[in-house]
Student: 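After the structure tokens below, expect a handful of questions from me.
Atoms within a ligand are numbered from 1 in the order they appear, just like the ligands themselves.
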Amino acid sequence: MKILVINSGSSSIKFQLFSMKENKIMAFGLIEQIGEPTGKIKMGSFHHEEPITKMLHIKNHEQGIEIISSFLIDEKIIKGLDELDGIGHRMVHGGTMRETEFLNDKIIKAIENFSSLAPLHNPPGLAGVKATMSKAPHVPQVAVFDTAFHQTMPQYAYMYALPYELYERLHIRRYGFHGTSHHFVATQAAKELKKPLQKCNFITLHLGNGASIAAIKNGKCVDTSMGLSPLEGLIMGTRSGDIDPAILFYLEREEGLDIKELDTLLNKKSGLKGICGTNDLREIKAKIKDGDEKAKLAFDMFCYRIKKYIGAYFAVLGRVDALVFTGGIGENAVSVRRKICGELKIFGIGINKKQSEKRGVLVHFESKKSAVKLLVVPTNEELAIAKQTQHLIQKTAKRS
Ligand code: ADP
């Protein structure tokens, strides 16, 4: 079975083509700066060691998909997109949809309805869908939502204490994001612990440029740090995470900032970058070594916020089988994991120092006496999307 996974951003398309039977990536690539004077293309396949790179003006997502299709045909991987068994699309906001869904008119309409809640993500996602649909109208196309895994949160966890009619009329509530990743690493962690996921309580930490944490009880999400949008919760690369909303009124009054400027401030100029000038944790660590106090402050703030959420989720879950770290920082930043876990002795957590040095691989790093397992599980959102796409196609084929 050949499944193409498409992840469309506002000016980019990332893709991976999987051979599900052999569990192999046949081709991959990233097209960036779509719509800008010069776009960037980087694509590779299992035929070559080095990916090819090109600079080219790419008008829109449709042309981006055309470039991917031509590449796959030129590389003799497929004869055309219509030969694929399925195409899985990453869709950021699926509102209250709990499941992976076939992309038909009804589902596309539902995604469009949620576009106002994710204006930067859903429209490009749909542009990618429309482009692949016009090139391969008979191939099953599936939407895998970032929000889906979190839709098991109880109402008291997902509501904001705002007038109830705003929830009814405008659907203002917490949705949560990174769901595909939280679900994927929780599934892998359960396998690692040799316990059914339905019996596992986990705190999963997806720490990348975007960062979120989830409380998982008996395999289901019961709380997560992101909310209506991916801005709430942890301190991120350039996003503030939780702040007092009154800061916005204050900035409007004192500095005359308008909504657009406030949006840019909180999403692009805050977080680690806002505190110390860079959102790259590797640079922050280098700056700390050089004695940069703001870099040290950014690092400490980042870890402290995570620690607070972990404490809260211990209270939510009661029993925790494992903390599961993933994402660029979660998988690689040894110092972050050590600092956070080193300050959680109150929960019976202990670290195996040597194991905690490993990075980028599945690893346990709890001490022998630790009451809670500590795991690093590399995430693979594209593979998770491919698997969910395959699962839905096979389940439907069995039924009919
Ligand atoms: P995104 O949310 O954009 O997918 P990633 O999951 O790729 O982000 O994570 C990016 C972050 O991971 C950056 O802050 C980067 O500095 C950090 N990171 C990547 N590799 C390392 C490393 N070896 N050590 C510390 N941090 C790392």
Student: Verify whether the ring centers belonging to His150 and His178 lie closer than 6.0 Å.
Tutor: no
Student: Using a 4.0 Å heavy-atom cut-off, say whether Leu272 meets ligand 1 through its side chain, its backbone, both or neither.
Tutor: neither
Student: Check each of Ile34, Ile13, Leu72, Leu56 against Ile67 using the side-chain contact (heavy atoms from CB on, under 4.5 Å) test, and report the only one that passes.
Tutor: Leu56
Student: With atoms numbered from 1 as shown, which atoms in ligand 1 lie under 4.0 angstrom from a non-hydrogen atom of Asn279?
Tutor: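 Near Asn279, meaning under 4.0 Å from one of its heavy atoms, ligand 1 has 14 (O).
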Student: Of the listed options (Thr326, Ile329, Asn332, Ile284), which comes nearest to atom 11 (C) of ligand 1 when hydrogens are ignored and any heavy atom counts?
Tutor: Ile329
Student: Walk me through whether Phe114 and His93 qualify under ring pair (Phe, Tyr, Trp, His ring centres under 6.0 Å).
Tutor: CA-CA 7 Å; Phe114 276 103; His93 214 310; 5.6 Å; yes
Student: Is there at least one pair of N or O atoms, one from Ala333 and one from ligand 1, spaced under 3.5 Å apart?
Tutor: no
Student: With rounding to the nearest 0.5 Å, note down the distance linking CD in Gln63 to CD1 in Ile58.
Tutor: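 So the CD of Gln63 and the CD1 of Ile58 are separated by 6.5 Å.
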Student: Side chain or backbone, does Asp280 bring an N or O within less than 3.5 Å of an N or O on ligand 1?
Tutor: yes
Student: So, 4.0 Å and heavy atoms of Gly237: is ligand 1 close enough to count as a contact?
Tutor: no
Student: Looking at Phe46, is Lys24 sitting on its ring face, NZ or CZ under 6.0 Å from the six-membered ring centre and within 45 degrees of the normal?
Tutor: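 Output yes; distance and angle both within limits.
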Student: Would you confirm whether any non-hydrogen atom of the protein falls under 4.0 Å from atom 4 (O) of ligand 1?
Tutor: no
Student: Assess Arg173 against Tyr158: is NZ or CZ under 6.0 Å from the centre of the six-membered ring, and within 45 degrees of the ring's axis?
Tutor: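 Flagged: Arg173 positioned over aromatic ring of Tyr158.
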Student: For ligand 1, find out whether one of its N or O atoms is nearer than 3.5 Å to an N or O atom of Asn209.
Tutor: yes
Student: Give me the residue, atom name and distance of the protein heavy atom closest to atom 18 (N) of ligand 1.
Tutor: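 The closest one turns out to be Gly328 O, 3.6 Å.
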Student: Hey, do the aromatic rings of Phe302 and Phe299 have their centres closer than 6.0 Å?
Tutor: no
Student: Hey, does Gly208 come in under 3.5 Å of ligand 1, counting only N/O atoms on both sides?
Tutor: no
Student: Give the atom numbers and elements of ligand 1 that come within less than 4.0 Å of a heavy atom of Arg359.
Tutor: 23 (N), 24 (N)
